[in-house]
Protein chains: 2
Amino acid sequence: MTTNGKRKIDLDTIDRRLLIELLRDSRVSLRRLSEEMNVSPATLHNRLTKMVQEGVIRGFTTLVDYTKLGYSLSAIIMVKVNGKYLVEFEKEISNADNIVAVYDVVGEYDVVLIAKFRSVEDLDVFLKQLLKNSKVERTYTSIVLNSVKEDPRVRI
Amino acid sequence: MTTNGKRKIDLDTIDRRLLIELLRDSRVSLRRLSEEMNVSPATLHNRLTKMVQEGVIRGFTTLVDYTKLGYSLSAIIMVKVNGKYLVEFEKEISNADNIVAVYDVVGEYDVVLIAKFRSVEDLDVFLKQLLKNSKVERTYTSIVLNSVKEDPRVRI
DNA sequence: TATGAAAACCAACCCGA
DNA sequence: TCGGGTTGGTTTTCATA
């Protein structure tokens, strides 16, 4: 089976439990989990592979405290884009290294960007570039003073 | 050594390379990596442990396509909070299951929330709760039509 | 579709340098 | 602080139910 678009996928109890554990700690051993869950390691391995194939699992990653690495500055940037170029703009902005999220929204602005920078200068350069972009009509930037919570995990 | 607050931590080439690989795929085996990098598995294991102890690595998790699980709705909610209660508000909102990020910001609003919901009804309930909260003075909600990019990883 | 068993692979620990 | 070596744990495959 290959990835299947936007259709909702139903997980059974095993899939669900496995996914919850992988969200908590993606380096957990399937064997140990299989003992807790009273299924075979092979089954968990099959379920894991299946969820990756279906696209429910997009990958396994590491949560990093970026402030400890000198990325002390985050910003939330709302952008009003010239309508015709919206998709094109989103595509190009998604490739920027600093950008962690790009959301299509409705309202006064069209796109919301979440970005991380090493310094105020880097942010400044980024914003000036953005305003030079002819697809951009207007921006509103909220400087993040502090990330109180930043965790991509949702209770499933 | 224990975690050491906000001080910036310098990573050498090995740490850096290891962290980049773990960001790309946290389930990678240290042994295979050690061959590519021409260092011993024990060294990588030591470096990994060190980065966890220092708090550079906050954990290992799984990137999930929540739309495939029925969380089709995201929202960006800007909140103006009664100043005295800001910290208290942030603490209580951080514990909500739907909230993936809480940012302290400067400007017209004080806090920006990124939240995920299963349905418009769930969002509606959440927003009504928020407005009933006496610490909240005003909110502005942007409904996310589409998450063009959502990846917590930054190029380090 | 799940499993047990086996082979290949891997992490974790200790100790010597 | 690093890395070799050992021990015991882990993934992955496949034949079978």
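Here is how names work: the chains are called A, B, and so on, in the same order as the sequence lines, proteins then strands, and each is numbered from 1. Source: prediction; values computed, not measured.
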Query - Min side-chain heavy-atom separation B/Phe117-A/Val154 under 4.5 Å - result: no

Query raised in the report: Less than 4.5 Å apart, any side-chain heavy atom of A/Tyr109 and any of A/Arg138?
Result: yes

Query raised in the report: For residues A/Asn146 and B/Glu90, is any side-chain donor paired with an opposing acceptor at under 3.5 Å?
Result: no

Report task. Calculate the interatomic distance between B/Leu33 atom CG and C/dA12 atom C1'; express it in whole Å. Result -> 17 Å

Query - Degree of bending, the helix from C/dT1-D/dA17 to C/dA17-D/dT1 (end axes from five pairs; round to 10°) - result: 30°

Query raised in the report: Rounded to the nearest 0.5 Å, how far does CG of A/Asp10 lie from CZ of A/Arg16?
Result: 9.0 Å

Requested in this report: Would you mind telling me which of C/dA2, D/dC2, D/dT11 lies closest to the side-chain atoms of A/Thr43?
Outcome: C/dA2

Query raised in the report: Is B/Ser29 near enough to C/dC10 that one of its side-chain N or O atoms lies under 4.0 angstrom from OP1 or OP2?
Result: yes

Query raised in the report: Which letters describe nucleotides 12-17 of chain D, given B = protein heavy atom under 4.0 Å from base, S = only from sugar-phosphate, - = neither?
Result: SB----

Query raised in the report: Taking all non-hydrogen atoms of both residues, which atom of B/Tyr71 and which atom of B/Arg118 are closest, and how far apart?
Result: OH-NH2, 3.0 Å

Query raised in the report: Hey, does B/Leu48 have a side-chain heavy atom less than 4.5 Å from the side chain of A/Arg27?
Result: yes

Query - Note, A/Ile76 side chain near B/Met78 side chain (heavy atom, < 4.5 Å) - result: no

Query raised in the report: Rounded to whole angstrom units, what separation is found between the CZ atom of A/Arg31 and the C1' atom of D/dT10?
Result: 6 Å

Query raised in the report: Think A/Arg47 has a side-chain N or O under 4.0 angstrom from the OP1 or OP2 of C/dA2?
Result: yes

Requested in this report: Write down the atom of B/Glu108, the atom of A/Tyr140, and the distance for their closest heavy-atom approach.
Outcome: N-OH, 3.5 Å

Report summary line: The nucleotide from C/dT3, D/dG9, C/dC9 with an atom nearest the side chain of A/Ser40 is C/dT3

